[in-house]
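To start, the structure itself, in structure tokens.
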Protein chains: 2
Amino acid sequence: MSDAKDRLRLWLRLLKLTRRTEAELRDRLRSDFATTLPRFDVMAALSQHEDGLKMSHLSAVLRVSNGNVTGIVDRLVDEGFVERRPVAGDRRAMIVRLTKSGRDEFARQAAAHEGWIDALLQDIPAEEARQLSARLAHLTQDKESADAV
Amino acid sequence: MSDAKDRLRLWLRLLKLTRRTEAELRDRLRSDFATTLPRFDVMAALSQHEDGLKMSHLSAVLRVSNGNVTGIVDRLVDEGFVERRPVAGDRRAMIVRLTKSGRDEFARQAAAHEGWIDALLQDIPAEEARQLSARLAHLTQDKESADAV
DNA sequence: GGCAGTTCCTTTGAGCTTAAAATATTCTGG
DNA sequence: CCAGAATATTTTAAGCTCAAAGGAACTGCC
């Protein structure tokens with residue numbers, strides 16, 4: 001029973017750290033780049049898929065609902081960072097990919113993002129970060145890995 | 001420079017773990033208790049303040065905006081779990097507190113919640129949970145602690 | 001060929017979230 | 001006392017989020 005309390009305490013602290021850090025990232029994305037974390041996440045996913053992703057594939061990668069991605073992509077298209085193009089041979093599907101402007105913008109955002117994280121987690125020594133990272137790696141590996149692309 | 005990458009990797013894994021766990025909690029709160037995480041958070045905060053909290057104080061504790069709390073409390077009041085009462089001597093302010101029904105309901109939710117966390121973080125040995133928890137404790141302590149109640 | 005079931009995407013409705021504006025009340029300095 | 005500043009809360013507008021429903025297109029089976 002005490003074990004449960006210990007895990008609960010750990011959970012609450014993890015939550016506190018991640019929420020605080022996420023809030024900070026949101027603020028900076030807003031003030032420095034006039035964007036949001038969900039938009040950043042979408043662009044990050046697309047930047048790793050040069051050839052673009054189908055909408056359904058994109059929402060699977062991000063683990064959010066289909067309808068959710070529709071709205072975010074709509075706004076990114078409006079701003080010219082992303083484009084939708086039809087898929088040859090399947091008129092239902094759409095491929096989403098970064099435009100040139102989107103790639104440039106994301107490169108700037110990603111560089112800033114990495115610096116922010118480094119600063120925000122400064123109190124964690126690099127060596128400890130590596131150890132923790134390794135420990136978490138096998139905790140977070142997908143148990144139902146239904147997302148082999 | 002490699003240190004920044006290490007911290008970034010750690011951050012991405014922390015985010016993965018907490019998002020996955022939070023998503024699981026949301027699902028269960030919804031299916032087992034027909035409630036949401038924000039509602040749970042509000043009730044948790046109120047359960048630690050027997051005498052209730054002013055709206056502004058509640059939003060400070062939860063670190064969310066004032067307007068946000070207004071809507072959540074509205075719904076909890078509709079369901080009879082929470083009540084607003086005027087503050088003697090200040091007609092602007094309202095004290096929010098759990099009703100009897102709210103205390104009973106939260107007790108059930110909190111018990112289930114603790115069990116869920118224990119199960120979800122089962123892969124972390126209790127001893128490691130304690131160590132990590134201690135390490136995180138001094139990372140997450142408020143640097144600007146402007147919320148001594 | 002045709003129709004039944006599936007897949008892909010968008011729409012809809014409800015709730016959460018914030019920043020900023022709006023209301024109402026209280027405090028303060030003159 | 002009273003005008004202006006400060007405080008407490010709600011409202012508003014925009015965006016994120018999901019589940020569920022809807023429309024269009026594809027696939028497989030007869």
Side-chain angles (χ1 to χ4, degrees), chain A residues 19-20 22-31 33-45 52-79 81-96 146, chain B residues 19-20 22-31 33-45 52-79 81-96 146:
Chain A
R19 282 186 178 174
R20 196 174 67 181
E22 254 190 295
E24 193 62 41
L25 294 178
R26 285 176 204 280
D27 279 354
R28 298 190 189 186
L29 283 173
R30 191 170 77 95
S31 58
F33 294 104
T35 190
T36 65
L37 204 42
R39 278 205 262 260
F40 179 81
D41 288 343
V42 164
M43 291 178 75
L53 289 170
K54 287 198 301 183
M55 289 294 285
S56 52
H57 195 167
L58 180 55
S59 64
V61 167
L62 297 174
R63 295 171 177 285
V64 297
S65 66
N66 272 351
N68 188 351
V69 174
T70 296
I72 298 171
V73 168
D74 281 351
R75 289 172 212 110
L76 287 173
V77 168
D78 287 348
E79 293 173 22
F81 294 141
V82 149
E83 62 184 1
R84 269 188 252 242
R85 51 173 63 179
V87 175
D90 189 345
R91 281 175 299 167
R92 295 167 307 178
M94 296 298 260
I95 292 280
V96 182
Chain B
R19 282 187 177 173
R20 196 174 67 182
E22 253 189 295
E24 194 63 41
L25 294 178
R26 284 176 204 279
D27 280 353
R28 298 190 190 186
L29 282 173
R30 192 170 76 94
S31 59
F33 294 104
T35 191
T36 65
L37 204 40
R39 279 204 262 261
F40 178 82
D41 288 344
V42 164
M43 292 179 74
L53 289 170
K54 287 199 300 184
M55 289 295 285
S56 52
H57 195 166
L58 180 55
S59 65
V61 167
L62 296 173
R63 294 168 178 286
V64 298
S65 66
N66 274 351
N68 188 351
V69 173
T70 296
I72 297 171
V73 167
D74 281 351
R75 288 170 214 110
L76 287 173
V77 167
D78 287 348
E79 293 172 23
F81 294 141
V82 149
E83 62 184 2
R84 269 188 252 242
R85 50 175 62 180
V87 176
D90 190 344
R91 281 176 300 169
R92 295 168 305 180
M94 296 297 261
I95 291 281
V96 182

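Per chain, numbering begins at 1; letters A, B, ... match sequence-line order. All figures in this text were calculated on a predicted structure; none of them were measured in a lab. Quick note: numbers below take in every heavy atom, side chains included, and nothing from hydrogens, waters or symmetry partners.
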Check every strand shown and say whether V69(A) touches a base, only sugar-phosphate, or nothing at a heavy-atom separation below 4.0 Å.
nothing
Looking only at side-chain N and O atoms, does S65(A) come under 4.0 Å of OP1 or OP2 in dT17(D)?
no
For the pair made of CG in N66(B) and C1' in dT11(D), what is the distance, rounded to whole Å?
12 Å
Describe the nucleic acid contact of S56(A) in one word from base, sugar-phosphate, nothing, applying a heavy-atom distance below 4.0 Å.
sugar-phosphate
So V87(B), base contact, sugar-phosphate only, or nothing? Heavy-atom distance under 4.0 Å.
nothing
What does nucleotides 24-29 of chain C look like as a protein-contact string, B for base, S for sugar-phosphate only, - for none, at under 4.0 angstrom between heavy atoms?
BBS---
Side-chain heavy atoms of T70(B) within contact of D74(B), under 4.5 Å
yes
Does the side chain of L58(A) reach to within under 4.5 Å of the side chain of V73(A), using non-hydrogen atoms?
yes
Flag side-chain contact, heavy atom, 4.5 Å: R84(B) against M55(B)
yes
So does R28(B) pair up with E24(B), basic N to acidic O under 4.0 Å?
yes
Are the side chains of I72(B) and R39(B) in contact, using a 4.5 Å heavy-atom criterion?
yes
K54(A) has an atom NZ; how far is it from atom P of dA25(D), in whole Å?
16 Å
Calculate the interatomic distance between R39(B) atom CZ and dA14(C) atom C1'; express it in whole Å.
10 Å
May I ask you to verify if any side-chain N or O of N68(A) is less than 4.0 angstrom from the OP1 or OP2 atom of dC18(D)?
yes
Think T36(A) has a side-chain N or O under 4.0 angstrom from the OP1 or OP2 of dG15(D)?
no
Is there a side-chain contact between V77(A) and V82(A) (heavy atoms, below 4.5 Å)?
yes
Write down the distance between CZ (R26(A)) and P (dT17(C)), rounded to a whole number of angstrom.
10 Å
What is the distance, to the nearest angstrom, from the CG atom on L29(A) to the P atom on dT18(C)?
16 Å
May I have the distance from H57(B) (atom NE2) to dT9(D) (atom C1'), rounded to whole angstrom?
16 Å
In whole angstroms, the gap separating P of dC18(D) from CG of L62(A) amounts to 10 Å
R30(B) side-chain proximity, nearest of dT17(C), dA19(D), dT10(C):
dA19(D)
Report which part of the nucleic acid I72(B) touches: base, sugar-phosphate, or nothing (heavy-atom distance under 4.0 Å, all strands).
sugar-phosphate
Length of the CG-P vector between D27(A) and dA19(C), whole Å:
7 Å
Pairwise distance CG(L62(A)) to NE2(H57(A)) - rounded to 0.5 angstrom
10.0 Å
